Engineer: 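This is the structure I have questions about; it appears just below.
Only a predicted model underlies this, so the values are computations on that prediction, with no experimental measurement involved.
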Amino acid sequence: MAGLLRNIGLIVLFIAFIPVLFLGIFDLDEGAFASTSIQMLIDEQYFIPTIGEDIRLEKPILSYWVQAISISIFGANEFALRFPSFLASLVWAYSFTNFIKEQDRSFTGSNLFLVFFTLPGIFLISFAATADAFLNTLISLTLISLYKYSQNKKASYLNNAAIFIGIGFLVKGLTIIFIPGMIFFLYSLLTGQARNFFKILFSFKPWAIFFLIVIPWTFLVYLRLDFDAIAYLFLGQSFGRFSNTFESHAGPIYYYLVILPFLVLPFFTDFLKGIFNLKLRSNKLDMFFAIWFFFVLIFFSFSSTKLPHYLIYGLAPAAYFIEKYHLKNSNKPLSLLGLIFQTVIWSFLFAFPFYLQYLSGIMQTFEVSSVAIDAFVADYTYKILVGLTFLGILVCFFLRMNAAKIKKMAALAFIVILSFKITPFLHQTAQGNIKELGLYARDSDKEISMFKVNKPSYAFYARKKSFRGPRPEALILTRRDKLDQIDFSYQIIKESENYLIVEIAHDENKQ
(Lines give C-alpha, C1' and ligand atoms only; values in the text may rest on other atoms or scores of the structure.)
Protein backbone atom coordinates (compact mmCIF):
# COMPACT_ATOMS: atom_id res chain seq x y z
CA MET A 1 0.00 0.00 0.00
CA ALA A 2 1.17 3.58 -0.63
CA GLY A 3 2.70 5.38 2.34
CA LEU A 4 -0.33 7.53 3.23
CA LEU A 5 -2.76 4.62 2.91
CA ARG A 6 -0.47 2.44 5.04
CA ASN A 7 -0.35 5.04 7.78
CA ILE A 8 -4.14 5.46 7.73
CA GLY A 9 -4.49 1.67 7.81
CA LEU A 10 -2.21 1.40 10.85
CA ILE A 11 -4.14 4.11 12.68
CA VAL A 12 -7.45 2.36 11.93
CA LEU A 13 -5.94 -0.95 13.06
CA PHE A 14 -4.94 0.46 16.46
CA ILE A 15 -8.34 2.10 16.84
CA ALA A 16 -9.86 -1.35 16.24
CA PHE A 17 -7.98 -2.65 19.28
CA ILE A 18 -9.65 -0.18 21.63
CA PRO A 19 -13.08 -1.86 22.00
CA VAL A 20 -11.66 -5.38 22.36
CA LEU A 21 -9.23 -4.31 25.09
CA PHE A 22 -12.28 -3.45 27.19
CA LEU A 23 -14.38 -6.40 26.01
CA GLY A 24 -15.99 -8.61 28.66
CA ILE A 25 -14.44 -11.93 29.64
CA PHE A 26 -15.52 -15.19 27.97
CA ASP A 27 -15.89 -18.50 29.75
CA LEU A 28 -14.41 -21.03 30.08
CA ASP A 29 -10.70 -20.32 29.56
CA GLU A 30 -10.65 -16.54 30.03
CA GLY A 31 -12.91 -16.81 33.05
CA ALA A 32 -10.68 -19.45 34.63
CA PHE A 33 -7.52 -17.38 34.08
CA ALA A 34 -9.23 -14.25 35.42
CA SER A 35 -10.66 -15.99 38.47
CA THR A 36 -7.35 -17.70 39.29
CA SER A 37 -5.36 -14.47 38.89
CA ILE A 38 -7.65 -12.41 41.11
CA GLN A 39 -7.71 -15.19 43.72
CA MET A 40 -3.91 -14.91 43.93
CA LEU A 41 -4.39 -11.35 45.11
CA ILE A 42 -7.28 -12.21 47.43
CA ASP A 43 -5.39 -15.07 49.11
CA GLU A 44 -1.97 -13.39 48.86
CA GLN A 45 -0.69 -16.76 47.68
CA TYR A 46 1.36 -16.44 44.50
CA PHE A 47 2.97 -19.81 43.81
CA ILE A 48 0.26 -22.48 43.47
CA PRO A 49 -2.60 -21.41 41.16
CA THR A 50 -5.98 -22.13 42.72
CA ILE A 51 -9.58 -21.51 41.78
CA GLY A 52 -11.94 -21.72 44.73
CA GLU A 53 -10.81 -24.69 46.79
CA ASP A 54 -9.22 -26.49 43.83
CA ILE A 55 -5.63 -26.37 42.64
CA ARG A 56 -5.57 -25.32 38.99
CA LEU A 57 -2.70 -27.06 37.24
CA GLU A 58 -3.95 -26.79 33.66
CA LYS A 59 -1.22 -24.21 32.99
CA PRO A 60 2.02 -23.18 34.74
CA ILE A 61 2.30 -20.00 36.76
CA LEU A 62 3.63 -17.19 34.56
CA SER A 63 0.39 -16.07 32.87
CA TYR A 64 -1.30 -15.79 36.26
CA TRP A 65 1.58 -13.72 37.60
CA VAL A 66 1.40 -11.33 34.66
CA GLN A 67 -2.37 -10.93 34.97
CA ALA A 68 -2.16 -10.47 38.76
CA ILE A 69 0.46 -7.73 38.31
CA SER A 70 -1.71 -6.04 35.69
CA ILE A 71 -4.77 -6.21 37.99
CA SER A 72 -2.69 -4.66 40.78
CA ILE A 73 -1.82 -1.76 38.46
CA PHE A 74 -5.08 -1.19 36.55
CA GLY A 75 -7.66 -2.72 38.88
CA ALA A 76 -9.90 -5.77 38.49
CA ASN A 77 -11.28 -5.05 35.03
CA GLU A 78 -11.18 -6.46 31.53
CA PHE A 79 -8.46 -4.06 30.35
CA ALA A 80 -6.10 -5.31 33.06
CA LEU A 81 -6.60 -8.89 31.85
CA ARG A 82 -6.31 -8.17 28.12
CA PHE A 83 -3.54 -5.57 28.06
CA PRO A 84 -0.64 -8.02 28.73
CA SER A 85 -1.75 -10.22 25.81
CA PHE A 86 -1.92 -7.14 23.58
CA LEU A 87 1.62 -6.11 24.55
CA ALA A 88 2.87 -9.64 23.90
CA SER A 89 1.21 -9.60 20.48
CA LEU A 90 2.88 -6.31 19.58
CA VAL A 91 6.25 -7.94 20.38
CA TRP A 92 5.18 -10.96 18.33
CA ALA A 93 4.19 -8.85 15.31
CA TYR A 94 7.24 -6.56 15.47
CA SER A 95 9.77 -9.37 15.89
CA PHE A 96 8.20 -11.46 13.14
CA THR A 97 7.90 -8.66 10.58
CA ASN A 98 11.36 -7.31 11.41
CA PHE A 99 12.83 -10.80 10.95
CA ILE A 100 11.28 -11.10 7.48
CA LYS A 101 12.60 -7.63 6.52
CA GLU A 102 16.10 -8.67 7.63
CA GLN A 103 15.93 -11.76 5.45
CA ASP A 104 14.29 -10.15 2.40
CA ARG A 105 14.50 -6.40 1.84
CA SER A 106 11.69 -6.47 -0.74
CA PHE A 107 9.16 -6.65 2.11
CA THR A 108 7.76 -3.53 3.78
CA GLY A 109 7.36 -3.81 7.54
CA SER A 110 4.13 -1.83 7.75
CA ASN A 111 2.47 -3.92 5.03
CA LEU A 112 3.48 -7.13 6.81
CA PHE A 113 2.27 -5.68 10.10
CA LEU A 114 -1.13 -4.90 8.59
CA VAL A 115 -1.51 -8.34 7.04
CA PHE A 116 -0.36 -9.98 10.28
CA PHE A 117 -2.96 -8.30 12.49
CA THR A 118 -5.78 -8.40 9.95
CA LEU A 119 -5.66 -12.18 9.97
CA PRO A 120 -8.72 -12.79 12.19
CA GLY A 121 -7.08 -15.69 14.04
CA ILE A 122 -4.09 -13.59 15.08
CA PHE A 123 -6.22 -10.52 15.84
CA LEU A 124 -8.53 -12.49 18.14
CA ILE A 125 -5.74 -14.26 20.02
CA SER A 126 -3.89 -10.96 20.50
CA PHE A 127 -6.32 -9.76 23.17
CA ALA A 128 -7.44 -13.12 24.60
CA ALA A 129 -6.96 -13.06 28.38
CA THR A 130 -5.23 -16.46 28.40
CA ALA A 131 -1.70 -17.81 27.95
CA ASP A 132 -1.94 -18.07 24.15
CA ALA A 133 -0.62 -14.66 23.08
CA PHE A 134 2.43 -15.16 25.32
CA LEU A 135 3.00 -18.68 23.98
CA ASN A 136 2.67 -17.67 20.32
CA THR A 137 5.10 -14.82 20.87
CA LEU A 138 7.65 -17.10 22.53
CA ILE A 139 7.28 -19.82 19.87
CA SER A 140 7.98 -17.20 17.21
CA LEU A 141 10.94 -15.68 19.08
CA THR A 142 12.40 -19.14 19.66
CA LEU A 143 12.14 -20.20 16.02
CA ILE A 144 13.55 -16.89 14.80
CA SER A 145 16.55 -17.27 17.13
CA LEU A 146 17.14 -20.87 16.01
CA TYR A 147 16.93 -19.89 12.33
CA LYS A 148 19.44 -17.07 12.84
CA TYR A 149 21.74 -19.47 14.68
CA SER A 150 21.58 -21.87 11.74
CA GLN A 151 22.79 -19.02 9.51
CA ASN A 152 25.81 -17.73 11.44
CA LYS A 153 26.31 -20.05 14.46
CA LYS A 154 26.41 -17.14 16.95
CA ALA A 155 26.02 -18.51 20.48
CA SER A 156 23.95 -15.47 21.50
CA TYR A 157 21.06 -16.63 19.30
CA LEU A 158 21.12 -20.06 20.89
CA ASN A 159 21.18 -18.56 24.37
CA ASN A 160 18.27 -16.28 23.45
CA ALA A 161 16.31 -19.32 22.29
CA ALA A 162 16.98 -20.99 25.65
CA ILE A 163 15.64 -17.93 27.48
CA PHE A 164 12.49 -17.88 25.35
CA ILE A 165 11.97 -21.61 25.86
CA GLY A 166 12.45 -21.28 29.61
CA ILE A 167 9.91 -18.46 29.85
CA GLY A 168 7.55 -20.37 27.55
CA PHE A 169 7.85 -23.43 29.77
CA LEU A 170 6.46 -21.36 32.63
CA VAL A 171 3.62 -20.28 30.33
CA LYS A 172 2.50 -23.62 28.87
CA GLY A 173 4.91 -26.39 29.76
CA LEU A 174 6.48 -28.74 27.23
CA THR A 175 4.60 -27.28 24.27
CA ILE A 176 7.30 -24.63 23.88
CA ILE A 177 9.98 -27.33 23.63
CA PHE A 178 8.12 -29.74 21.38
CA ILE A 179 6.71 -27.42 18.67
CA PRO A 180 9.83 -25.29 17.94
CA GLY A 181 12.02 -28.35 18.49
CA MET A 182 10.24 -30.47 15.90
CA ILE A 183 9.98 -27.61 13.39
CA PHE A 184 13.68 -26.83 13.65
CA PHE A 185 14.60 -30.52 13.50
CA LEU A 186 12.65 -30.97 10.24
CA TYR A 187 14.14 -27.78 8.82
CA SER A 188 17.68 -28.92 9.75
CA LEU A 189 17.03 -32.37 8.28
CA LEU A 190 15.69 -31.05 4.96
CA THR A 191 18.48 -28.48 4.57
CA GLY A 192 21.29 -30.92 5.35
CA GLN A 193 22.03 -29.46 8.79
CA ALA A 194 21.04 -32.42 10.95
CA ARG A 195 24.47 -32.42 12.61
CA ASN A 196 23.91 -28.80 13.59
CA PHE A 197 20.61 -29.72 15.24
CA PHE A 198 22.20 -32.41 17.41
CA LYS A 199 25.03 -30.04 18.30
CA ILE A 200 22.39 -27.64 19.63
CA LEU A 201 20.58 -30.46 21.40
CA PHE A 202 23.66 -31.40 23.39
CA SER A 203 24.95 -27.89 24.10
CA PHE A 204 25.47 -27.34 27.82
CA LYS A 205 24.97 -23.59 28.24
CA PRO A 206 21.45 -23.31 26.70
CA TRP A 207 20.22 -26.15 28.90
CA ALA A 208 21.78 -24.47 31.94
CA ILE A 209 19.94 -21.24 31.11
CA PHE A 210 16.69 -23.14 30.62
CA PHE A 211 16.90 -25.00 33.93
CA LEU A 212 17.95 -21.85 35.78
CA ILE A 213 14.64 -20.30 34.68
CA VAL A 214 12.29 -23.25 35.24
CA ILE A 215 13.66 -25.10 38.28
CA PRO A 216 12.83 -22.61 41.09
CA TRP A 217 9.05 -22.63 40.59
CA THR A 218 8.91 -26.29 39.47
CA PHE A 219 10.82 -27.40 42.56
CA LEU A 220 8.52 -25.35 44.77
CA VAL A 221 5.47 -27.08 43.25
CA TYR A 222 7.14 -30.44 43.86
CA LEU A 223 7.77 -29.57 47.52
CA ARG A 224 4.24 -28.29 48.15
CA LEU A 225 2.40 -30.91 46.11
CA ASP A 226 3.98 -34.09 44.74
CA PHE A 227 5.44 -35.69 41.64
CA ASP A 228 1.98 -36.61 40.32
CA ALA A 229 1.08 -32.92 40.21
CA ILE A 230 4.24 -32.16 38.23
CA ALA A 231 3.51 -35.05 35.83
CA TYR A 232 -0.08 -33.87 35.29
CA LEU A 233 0.97 -30.27 34.72
CA PHE A 234 3.80 -30.89 32.28
CA LEU A 235 2.92 -34.25 30.71
CA GLY A 236 -0.82 -34.80 31.14
CA GLN A 237 -1.78 -31.29 30.06
CA SER A 238 0.63 -31.25 27.11
CA PHE A 239 0.83 -34.71 25.56
CA GLY A 240 -2.37 -35.90 27.23
CA ARG A 241 -4.30 -33.55 24.96
CA PHE A 242 -2.85 -35.33 21.95
CA SER A 243 -3.80 -38.84 23.04
CA ASN A 244 -7.04 -38.02 24.90
CA THR A 245 -9.97 -35.71 24.26
CA PHE A 246 -10.10 -32.95 26.88
CA GLU A 247 -13.39 -31.23 27.77
CA SER A 248 -15.23 -32.79 24.78
CA HIS A 249 -13.12 -30.79 22.30
CA ALA A 250 -12.95 -33.51 19.65
CA GLY A 251 -13.14 -33.23 15.86
CA PRO A 252 -12.48 -35.10 12.61
CA ILE A 253 -9.03 -35.24 11.02
CA TYR A 254 -10.03 -32.48 8.56
CA TYR A 255 -11.17 -30.17 11.41
CA TYR A 256 -8.41 -27.58 10.84
CA LEU A 257 -8.96 -27.54 7.08
CA VAL A 258 -12.48 -26.30 7.86
CA ILE A 259 -11.27 -23.81 10.47
CA LEU A 260 -8.34 -22.42 8.43
CA PRO A 261 -10.32 -20.23 5.97
CA PHE A 262 -11.99 -18.38 8.86
CA LEU A 263 -8.61 -17.67 10.49
CA VAL A 264 -7.17 -15.99 7.38
CA LEU A 265 -10.25 -14.30 5.84
CA PRO A 266 -10.45 -12.43 3.54
CA PHE A 267 -6.95 -13.43 2.34
CA PHE A 268 -7.71 -17.14 1.98
CA THR A 269 -7.19 -17.36 -1.79
CA ASP A 270 -3.98 -15.31 -1.59
CA PHE A 271 -2.81 -17.53 1.25
CA LEU A 272 -3.25 -20.64 -0.93
CA LYS A 273 -1.64 -19.02 -3.96
CA GLY A 274 1.23 -17.84 -1.77
CA ILE A 275 1.90 -21.40 -0.62
CA PHE A 276 1.82 -22.77 -4.16
CA ASN A 277 4.31 -20.10 -5.27
CA LEU A 278 6.91 -20.92 -2.60
CA LYS A 279 10.37 -21.92 -3.85
CA LEU A 280 11.17 -24.60 -1.32
CA ARG A 281 14.40 -25.84 -2.94
CA SER A 282 16.04 -22.50 -3.65
CA ASN A 283 14.75 -20.35 -0.78
CA LYS A 284 15.49 -21.49 2.77
CA LEU A 285 13.14 -18.91 4.30
CA ASP A 286 10.29 -20.29 2.19
CA MET A 287 11.09 -23.79 3.39
CA PHE A 288 11.38 -22.68 7.02
CA PHE A 289 7.96 -21.04 7.03
CA ALA A 290 6.36 -23.89 5.09
CA ILE A 291 7.65 -26.44 7.63
CA TRP A 292 6.47 -24.20 10.48
CA PHE A 293 2.92 -23.95 9.13
CA PHE A 294 2.47 -27.51 7.86
CA PHE A 295 3.94 -29.20 10.93
CA VAL A 296 1.43 -27.44 13.19
CA LEU A 297 -1.45 -28.17 10.78
CA ILE A 298 -0.63 -31.87 10.42
CA PHE A 299 0.34 -32.54 14.02
CA PHE A 300 -2.79 -31.05 15.55
CA SER A 301 -4.98 -32.65 12.88
CA PHE A 302 -4.05 -35.98 14.47
CA SER A 303 -4.55 -34.71 18.02
CA SER A 304 -7.52 -36.08 19.96
CA THR A 305 -8.19 -32.65 21.49
CA LYS A 306 -8.93 -30.03 18.85
CA LEU A 307 -9.41 -26.32 19.49
CA PRO A 308 -9.24 -23.56 16.85
CA HIS A 309 -6.44 -21.65 18.57
CA TYR A 310 -4.02 -24.61 18.30
CA LEU A 311 -3.63 -23.81 14.59
CA ILE A 312 -2.54 -20.26 15.44
CA TYR A 313 0.79 -21.71 16.67
CA GLY A 314 1.59 -22.07 12.97
CA LEU A 315 -0.35 -19.12 11.57
CA ALA A 316 2.31 -16.39 11.64
CA PRO A 317 3.91 -17.67 8.38
CA ALA A 318 0.56 -17.02 6.67
CA ALA A 319 1.36 -13.28 6.74
CA TYR A 320 4.58 -14.05 4.85
CA PHE A 321 2.83 -16.26 2.28
CA ILE A 322 0.16 -13.62 1.63
CA GLU A 323 2.45 -10.59 1.42
CA LYS A 324 4.93 -12.44 -0.79
CA TYR A 325 2.11 -13.22 -3.20
CA HIS A 326 1.00 -9.57 -3.08
CA LEU A 327 4.53 -8.40 -3.95
CA LYS A 328 4.69 -10.77 -6.90
CA ASN A 329 1.35 -9.54 -8.23
CA SER A 330 1.57 -5.92 -7.09
CA ASN A 331 0.08 -4.37 -10.24
CA LYS A 332 -2.80 -6.76 -10.90
CA PRO A 333 -6.38 -5.53 -10.52
CA LEU A 334 -8.99 -7.54 -8.65
CA SER A 335 -10.19 -10.41 -10.82
CA LEU A 336 -13.80 -11.46 -11.32
CA LEU A 337 -13.16 -14.60 -9.22
CA GLY A 338 -11.67 -12.39 -6.52
CA LEU A 339 -14.79 -10.24 -6.56
CA ILE A 340 -16.99 -13.34 -6.32
CA PHE A 341 -14.99 -14.53 -3.30
CA GLN A 342 -15.39 -11.15 -1.62
CA THR A 343 -19.12 -11.23 -2.43
CA VAL A 344 -19.44 -14.58 -0.67
CA ILE A 345 -17.64 -13.28 2.44
CA TRP A 346 -19.64 -10.07 2.79
CA SER A 347 -22.94 -11.76 1.95
CA PHE A 348 -22.25 -14.23 4.74
CA LEU A 349 -21.46 -11.39 7.14
CA PHE A 350 -24.69 -9.62 6.18
CA ALA A 351 -26.71 -12.79 6.79
CA PHE A 352 -24.83 -13.73 9.98
CA PRO A 353 -27.31 -12.20 12.49
CA PHE A 354 -30.30 -13.77 10.74
CA TYR A 355 -28.60 -17.17 10.64
CA LEU A 356 -27.90 -17.01 14.38
CA GLN A 357 -31.50 -16.00 15.05
CA TYR A 358 -32.67 -19.01 13.02
CA LEU A 359 -30.31 -21.36 14.89
CA SER A 360 -31.37 -20.08 18.31
CA GLY A 361 -34.99 -20.63 17.33
CA ILE A 362 -34.57 -24.29 16.37
CA MET A 363 -32.01 -25.28 19.00
CA GLN A 364 -33.72 -23.79 22.07
CA THR A 365 -30.48 -23.50 24.01
CA PHE A 366 -30.13 -21.81 27.39
CA GLU A 367 -26.47 -21.00 26.69
CA VAL A 368 -27.19 -17.86 24.68
CA SER A 369 -29.37 -14.78 25.06
CA SER A 370 -32.18 -14.57 22.52
CA VAL A 371 -32.65 -10.92 23.49
CA ALA A 372 -29.07 -10.12 22.45
CA ILE A 373 -29.51 -12.01 19.16
CA ASP A 374 -32.71 -10.12 18.37
CA ALA A 375 -30.93 -6.84 19.11
CA PHE A 376 -28.13 -7.82 16.73
CA VAL A 377 -30.64 -8.61 13.98
CA ALA A 378 -32.14 -5.13 14.48
CA ASP A 379 -28.71 -3.41 14.45
CA TYR A 380 -28.79 -1.30 11.28
CA THR A 381 -25.31 0.13 11.93
CA TYR A 382 -23.84 -3.35 11.45
CA LYS A 383 -25.71 -3.82 8.17
CA ILE A 384 -24.65 -0.37 6.93
CA LEU A 385 -20.97 -1.06 7.72
CA VAL A 386 -21.08 -4.39 5.89
CA GLY A 387 -22.95 -2.85 2.95
CA LEU A 388 -20.60 0.15 2.65
CA THR A 389 -17.55 -2.11 2.71
CA PHE A 390 -18.91 -4.29 -0.07
CA LEU A 391 -19.91 -1.19 -2.05
CA GLY A 392 -16.35 0.09 -1.68
CA ILE A 393 -14.99 -3.21 -2.99
CA LEU A 394 -17.34 -2.99 -6.00
CA VAL A 395 -16.25 0.56 -6.81
CA CYS A 396 -12.57 -0.38 -6.55
CA PHE A 397 -13.20 -3.41 -8.80
CA PHE A 398 -14.76 -1.30 -11.56
CA LEU A 399 -12.00 1.30 -11.22
CA ARG A 400 -9.48 -1.56 -11.78
CA MET A 401 -7.60 -0.75 -8.59
CA ASN A 402 -4.77 -2.89 -7.27
CA ALA A 403 -6.10 -6.21 -5.93
CA ALA A 404 -3.72 -6.32 -2.95
CA LYS A 405 -4.86 -2.87 -1.79
CA ILE A 406 -8.51 -3.83 -2.14
CA LYS A 407 -8.00 -7.01 -0.11
CA LYS A 408 -6.06 -5.20 2.60
CA MET A 409 -8.83 -2.61 2.80
CA ALA A 410 -11.46 -5.36 3.01
CA ALA A 411 -9.46 -7.20 5.68
CA LEU A 412 -9.09 -4.02 7.74
CA ALA A 413 -12.82 -3.31 7.43
CA PHE A 414 -13.55 -6.86 8.56
CA ILE A 415 -11.36 -6.39 11.66
CA VAL A 416 -13.10 -3.09 12.48
CA ILE A 417 -16.53 -4.74 12.25
CA LEU A 418 -15.26 -7.71 14.24
CA SER A 419 -13.99 -5.39 16.96
CA PHE A 420 -16.81 -2.87 17.20
CA LYS A 421 -19.79 -5.09 16.43
CA ILE A 422 -19.31 -8.88 16.30
CA THR A 423 -17.21 -9.56 19.42
CA PRO A 424 -19.30 -7.26 21.69
CA PHE A 425 -22.41 -9.01 20.38
CA LEU A 426 -20.91 -12.46 21.04
CA HIS A 427 -20.04 -11.43 24.59
CA GLN A 428 -23.49 -10.02 25.25
CA THR A 429 -25.07 -13.18 23.82
CA ALA A 430 -23.00 -15.70 25.76
CA GLN A 431 -21.78 -13.75 28.80
CA GLY A 432 -23.88 -10.64 29.35
CA ASN A 433 -26.06 -12.31 31.99
CA ILE A 434 -23.01 -13.65 33.84
CA LYS A 435 -21.35 -10.24 34.00
CA GLU A 436 -24.55 -8.59 35.25
CA LEU A 437 -24.97 -11.15 38.01
CA GLY A 438 -21.31 -11.04 38.94
CA LEU A 439 -21.43 -7.27 39.34
CA TYR A 440 -24.54 -7.68 41.48
CA ALA A 441 -22.74 -10.21 43.70
CA ARG A 442 -19.80 -7.80 44.08
CA ASP A 443 -21.94 -5.44 46.14
CA SER A 444 -22.81 -8.18 48.63
CA ASP A 445 -20.64 -9.29 51.54
CA LYS A 446 -21.64 -12.94 50.92
CA GLU A 447 -19.41 -15.51 49.25
CA ILE A 448 -20.36 -16.98 45.87
CA SER A 449 -20.70 -20.44 44.34
CA MET A 450 -22.07 -22.15 41.23
CA PHE A 451 -24.56 -24.97 40.83
CA LYS A 452 -24.55 -27.13 37.65
CA VAL A 453 -22.82 -24.38 35.64
CA ASN A 454 -19.16 -23.57 35.09
CA LYS A 455 -18.81 -19.82 34.62
CA PRO A 456 -15.67 -18.71 36.48
CA SER A 457 -16.01 -15.16 35.12
CA TYR A 458 -18.82 -14.81 37.69
CA ALA A 459 -16.13 -14.89 40.40
CA PHE A 460 -13.95 -12.37 38.58
CA TYR A 461 -16.75 -9.83 38.26
CA ALA A 462 -17.78 -10.44 41.86
CA ARG A 463 -14.09 -10.06 42.89
CA LYS A 464 -14.46 -13.11 45.12
CA LYS A 465 -13.24 -16.67 45.36
CA SER A 466 -15.21 -19.10 43.23
CA PHE A 467 -16.74 -22.21 44.82
CA ARG A 468 -18.79 -25.10 43.45
CA GLY A 469 -22.07 -26.52 44.70
CA PRO A 470 -24.67 -25.22 47.16
CA ARG A 471 -23.17 -23.36 50.13
CA PRO A 472 -25.03 -21.79 53.06
CA GLU A 473 -25.25 -17.99 52.97
CA ALA A 474 -23.78 -17.93 49.43
CA LEU A 475 -25.02 -16.30 46.26
CA ILE A 476 -25.34 -19.37 44.05
CA LEU A 477 -25.20 -18.94 40.27
CA THR A 478 -27.28 -21.38 38.27
CA ARG A 479 -29.23 -21.58 35.02
CA ARG A 480 -32.98 -21.63 34.58
CA ASP A 481 -33.03 -25.16 33.13
CA LYS A 482 -31.07 -26.45 36.17
CA LEU A 483 -33.66 -25.38 38.74
CA ASP A 484 -35.46 -28.73 38.65
CA GLN A 485 -32.17 -30.42 39.68
CA ILE A 486 -31.89 -28.43 42.90
CA ASP A 487 -32.61 -30.71 45.86
CA PHE A 488 -32.74 -28.00 48.53
CA SER A 489 -35.16 -25.21 49.33
CA TYR A 490 -34.06 -21.98 47.69
CA GLN A 491 -35.10 -18.44 47.03
CA ILE A 492 -34.34 -16.48 43.88
CA ILE A 493 -32.25 -13.40 44.65
CA LYS A 494 -31.56 -12.01 41.17
CA GLU A 495 -32.50 -12.99 37.60
CA SER A 496 -30.89 -12.14 34.27
CA GLU A 497 -32.67 -13.92 31.43
CA ASN A 498 -31.34 -17.53 31.37
CA TYR A 499 -29.25 -17.24 34.55
CA LEU A 500 -30.18 -16.65 38.19
CA ILE A 501 -28.66 -16.14 41.59
CA VAL A 502 -30.34 -18.28 44.22
CA GLU A 503 -29.75 -18.68 47.92
CA ILE A 504 -30.47 -21.59 50.24
CA ALA A 505 -33.69 -20.79 52.07
CA HIS A 506 -33.25 -19.60 55.64
CA ASP A 507 -35.13 -22.56 57.08
CA GLU A 508 -32.59 -24.97 55.53
CA ASN A 509 -29.67 -22.84 56.68
CA LYS A 510 -30.85 -23.31 60.24
CA GLN A 511 -31.05 -27.12 59.97
Engineer: Determine whether a donor-acceptor pair (N or O, by modelled atom type, separation under 3.5 Å) exists between the side chain of Thr423 and the backbone of Leu418.
Structural biologist: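 Yes, Thr423 side chain to Leu418 backbone: donor-acceptor pair under 3.5 Å.
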Engineer: Mind checking whether Phe117 and Phe123 have ring centres under 6.0 Å apart?
Structural biologist: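 That pair fails the under 6.0 Å test.
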Engineer: Answer yes when Arg479 and Glu497 have at least one side-chain N-carboxylate O distance shorter than 4.0 Å, and no when they do not.
Structural biologist: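 No, no charged N to carboxylate O under 4.0 Å.
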Engineer: Do Lys328 and Asn277 have a side chain donor and acceptor closer than 3.5 Å?
Structural biologist: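 Side-chain D/A pair, Lys328 to Asn277: present.
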Engineer: Quick check: are there more than 12 heavy atoms from other residues, nucleotides or ligands sitting under 6.0 Å from OH of Tyr355?
Structural biologist: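 Count not over threshold, so no.
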Engineer: Has Lys383 got its NZ or CZ under 6.0 Å from the middle of the six-membered ring of Tyr380, at an angle within 45 degrees of the ring axis?
Structural biologist: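 So Lys383 does make the cation-pi contact.
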Engineer: Say whether, by atom type as modelled, one donor and one acceptor occur between the side chain of Ser95 and the main chain of Trp92 under 3.5 angstrom.
Structural biologist: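 Judged by distance alone, yes, a pair lies under 3.5 Å.
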Engineer: Using a 6.0 Å cut-off, check whether atom NZ of Lys452 has over 12 heavy atoms from anything other than its own residue.
Structural biologist: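 Counting neighbours around NZ of Lys452, 12 or fewer heavy atoms of other residues, nucleotides or ligands fall under 6.0 Å, so no.
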Engineer: How about OH on Tyr94, more than 12 heavy atoms from neighbouring residues, nucleotides or ligands closer than 6.0 Å, or not?
Structural biologist: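 Not more than 12 within 6.0 Å, no.
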Engineer: Specify whether Phe86 and Phe83 have parallel, tilted or perpendicular ring planes, treating 30° as the upper limit for parallel and 60° as the lower limit for perpendicular.
Structural biologist: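 If you compare the ring of Phe86 with that of Phe83, the planes turn out tilted.
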Engineer: Looking at Phe33, does the NZ or CZ of Arg56 lie under 6.0 angstrom from its six-membered ring centre and within 45 degrees of the ring axis?
Structural biologist: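 Cation-pi check for Arg56 and Phe33: passes.
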Engineer: Can we say Lys324 and Asp104 salt-bridge, meaning some charged N sits less than 4.0 Å from an Asp/Glu carboxylate O?
Structural biologist: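 Here Lys324 does not pair with Asp104 in a salt bridge, since their nearest N and O are not under 4.0 Å apart.
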Engineer: Are the charged groups of Asp132 and Lys172 less than 4.0 angstrom apart, N to O?
Structural biologist: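 Here Asp132 pairs with Lys172 in a salt bridge, since their nearest N and O are under 4.0 Å apart.
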Engineer: Do Gln431 and Ser457 have side-chain N/O donor and acceptor atoms under 3.5 Å apart?
Structural biologist: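 Judged by distance alone, the side chains do pair up.
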Engineer: Is it true that the side chains of Glu436 and Ser496 contain a donor and an acceptor less than 3.5 Å apart?
Structural biologist: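 Present: a donor and an acceptor within the cut-off.
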